[in-house]
Amino acid sequence: MPEPLETKKEKVSLVERFFILWDRIGILLAFIVVCILFGILTPVFFNPLNILNVIRQVSIIGVIAVGMTFVILLGGIDLSVGSVVAFTGIIAAGFQVKWGGSLFLSIVIPLLIGGGIGFLNGFISTKGGLHPFIVTLGTMSIFRGATLLVAKGRPISGMSRSFRFIGAGMIGPIPFPVILFLGSVIIAAIILRRTVFGRYIYAIGGNEEAALLSGIRVDRYKISAFTILGFLSALSGLILTSRLNSGELVAGEGYELDVIASVVIGGTSMMGGEGGVYGTLIGALLIGVISNGLNLLGVQPYWQMIVRGSIIILAVLMDKMKRRFRTA
Amino acid sequence: MEEVILEFDKLTKKFPGVVALDEVSFDIFRGEVHALVGENGAGKSTLIKIVTGVYQKTSGEVFYQGKSINFRSPHDALQNGIAAIYQEFNLIPALTVAENIFMGHHFVRGKFVDWKKMEEEARKLLDFLEVDIDVNSRVRDLGVAKKQVIEIAKALSHNAKVLIMDEPTAALAQKEIKTLFRIIRFLKESGVTIIYISHRLEEVYEICDRVTVLRDGKFVATKPVKELKVEELIRMMVGREVGERFPRVSHTIGEEVLRVEGLTRPGVLENINISLHQREILGIAGMVGSGRTELLRAIYGVDPWEEGKIFIRGEEVKITSPPEAISLGIALLPEERKTQGLILLLSVLDNLGLPILPNIANAGFIDEDRLKQIGEEMVEAMNIKTPSLYQRVMYLSGGNQQKVVLGKWFARKCDIYLFDEPTRGIDVGAKVEIYQLMNRLVSEGAAIIMVSSELPEILAMSDRILVMREGKIAGEVNREEANQELILNLALGGKNHYARTP
Ligand SMILES: Nc1ncnc2c1ncn2[C@@H]1O[C@H](COP(=O)(O)OP(=O)(O)OP(=O)(O)O)[C@@H](O)[C@H]1O
Ligand SMILES: [Mg+2]
């Protein structure tokens, strides 16, 4: 048999690579166009202060979106992230203000709790055979209630200077939350691409049964993904509490929508198995930029919601069309 | 002179990096059963998908009843009387038989579904096919054979003049194939033209009038089946001599590696006893639905069972999940490649790597070079036709997909291989390659349980044969005394005093 493998190999992987690149560049392109548009409409947009403001804002959602990428790649979903932000935020504020003021405890305990809630979400949905949509709908309510309970119905304000660094500090010209966000993007990208854990996430999301029969411990990976997401939600809770200088009762409300939108706009399939965290980065930035631009233009909040919703649908439609083009 | 119903003229189809069809020209007569054969990836499925509008041709022409056609979708093709049964089932499990048959063209009265009429018409069709299926039962409750019949009824519900069948027997057992052939003969008499794709050459000789051979996307020949010797047909398909079709090598059987005692899962498996030895190939024959697949899945820890014991190398084990089975050196090649064997979205390399990733990783990081090297070895050893290691598995032809599933387990050395229909949908040449790989595994000391519906394969490759019927082991036959009739008798429940009943 002749060996066509060698000669054909380069050519096709180039084509494949082109499509993969095109997959990413599509969203990137939309992002650039939107930026330029806002830049023309309102000159303040490109002001460095505004740009810093936007990416700092985006970081809070973005950190969670990185974790959500893992869960959605597995074909799952988590609605409880906003409540986890509030609950871990209030715990952090509690340790800062009421329970001794230890910086160490007010960081570590919330992160552990966040991871724990994620673990619980994953554990109940896999071992109990429930759809994570239902389980996290439950925990979403539970931890919003728990937040109110711990706070006794009032926000907890007044953090220490060192704690405030998490949300408001700068390293050189770059806000610390941005470093946390980009850091988690890079680490997640490396995990997804280079580790067994990452490859198995794609495998399970692509075909759970085949993954199981190949000897992959499916439940373990799912629980891990939810745990990572819970942990990152807690990180977001720390950033938010630190930035607001207060543990707020309504913190994180509605975050799940922006988080899921970021992931999906970034090209990760809700069916699982396809996508990645760089897309999520752009997705989160796109959403942030749109809110910011519309604010600067003085567009009414109602209209903002309508515009945002339309853009989400449009972005996903374009993604779909690209995919069809790819398989043809 | 026969009347031409379909004609292909320099038909070409290119996919990125692959020429699936290269200037293919031949024709099909009205009312004949026309076989389309060729190796995996030869372009058979692509050709029919162009006819039915699933794919668009790159160049060339297709003439249907003298007119050039270019359907945009299977819907267009159906409207014009061309129906196809694809390599995979396209039925909706939760709906009834009648609904599935008329899917896409429900009978309506006003705005509502006309159930009575639909059931009536469905019953008429099934009567016409002379099969006994309740039109109100749900498709998920039916066996493979009946599903296949429903696919046929669905195709006929469009008054198809041309019916294309892509490997319709791949999931069927002997007896069900007989029914299918009866239906095909019957349709032929009613004037329907049939294009029949299969890797089972016996079938081509039994049911087809003419055969067209494709190789690497190119047309090789169209011949009346009667004028063609099987050796010649195989040579045309693979372009070389294949030699022995079942290259069995005998090995000295070693000690027992797996023993199953009294395995029972009510309603599915009953008191199963098996003893498997090193360097042994144990064949398991039986009808579809006789519990063969369930047995393998029980041993592998996928499905729970209630009573019984499993011993590995003399030690009793409790296997409750596939990872545990694998750590004991057991591998399962599942029955359905698309839903159980492969991650279609991922690349050839990613799929081949699935079971071995943890073994070639440092602190969780994959050794990419090593992975690539193993991938290349496997593609070479299994002769997998793919433009690159990074091609998504979903774009490979059916048989090459099957080779990837196999390659996955050859890449990870195991002691006990459970093979469920290992050569389903695989071409003659590749089958031989797989048998040789099985021989290699055995010579390296492994043991194999092979479930297969292809009797010639079971007869030729097994050291011992177990026949299952209705969840029980109906008999055990030695290699020397085994023959087709004996096994069929056991599988169907006929009495036979030659067989030892354990
Ligand atoms: N959608 C697609 N994209 C890219 N390549 C494809 C696509 N579909 C088929 N191919 C390639 O075209 C060639 C012909 O495939 P086809 O499915 O027609 O083979 P086949 O003769 O039906 O094989 P088998 O007997 O294994 O089913 C193969 O090399 C396959 O990898
Ligand atoms: Mg095919």
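Labels below follow one simple rule: chain letters A, B, ... track the order of the sequence lines, proteins then strands, and each chain is numbered from 1.
A distance of 6.5 Å separates CD1 of B:I366 from CZ of A:R199, quoted to the nearest 0.5 Å.
Only the side chain of B:E368 comes within contact range of chain A, judged by heavy atoms closer than 4.5 Å. Using a 4.5 Å cut-off between heavy atoms, B:I326 touches chain A through its side chain atoms alone. Looking at B:P334, only its side chain comes within 4.5 Å of chain A, counting heavy atoms on both sides. B:R337 does not touch chain A: none of its heavy atoms, backbone or side chain, sits under 4.5 Å away.
By the neighbour-count criterion of 12 heavy atoms within 6.0 Å, atom NZ of B:K14 is sparsely surrounded, having that number or fewer from other residues, nucleotides or ligands. Heavy atoms of other residues, nucleotides or ligands lying less than 6.0 angstrom from CZ of B:R215 number more than 12. More than 12 heavy atoms of other shown residues, nucleotides or ligands fall within 6.0 angstrom of atom OH in B:Y86.
Between B:L346 and A:Y202 the shortest side-chain heavy-atom distance falls below 4.5 Å.
Residues of residues 208-225 of chain A having a heavy atom under 4.5 Å from any heavy atom of chain B, listed by number: A:E209, A:A210, A:A211, A:L212, A:L213, A:S214, A:G215, A:I216, A:R217.
Between chain A and the residues B:D350, B:N351, B:I360, the largest count of heavy-atom pairs under 4.5 Å involves B:D350.
Without hydrogens or angle criteria, A:N207 side chain to B:G341 main chain gives no donor-acceptor distance under 3.5 Å.
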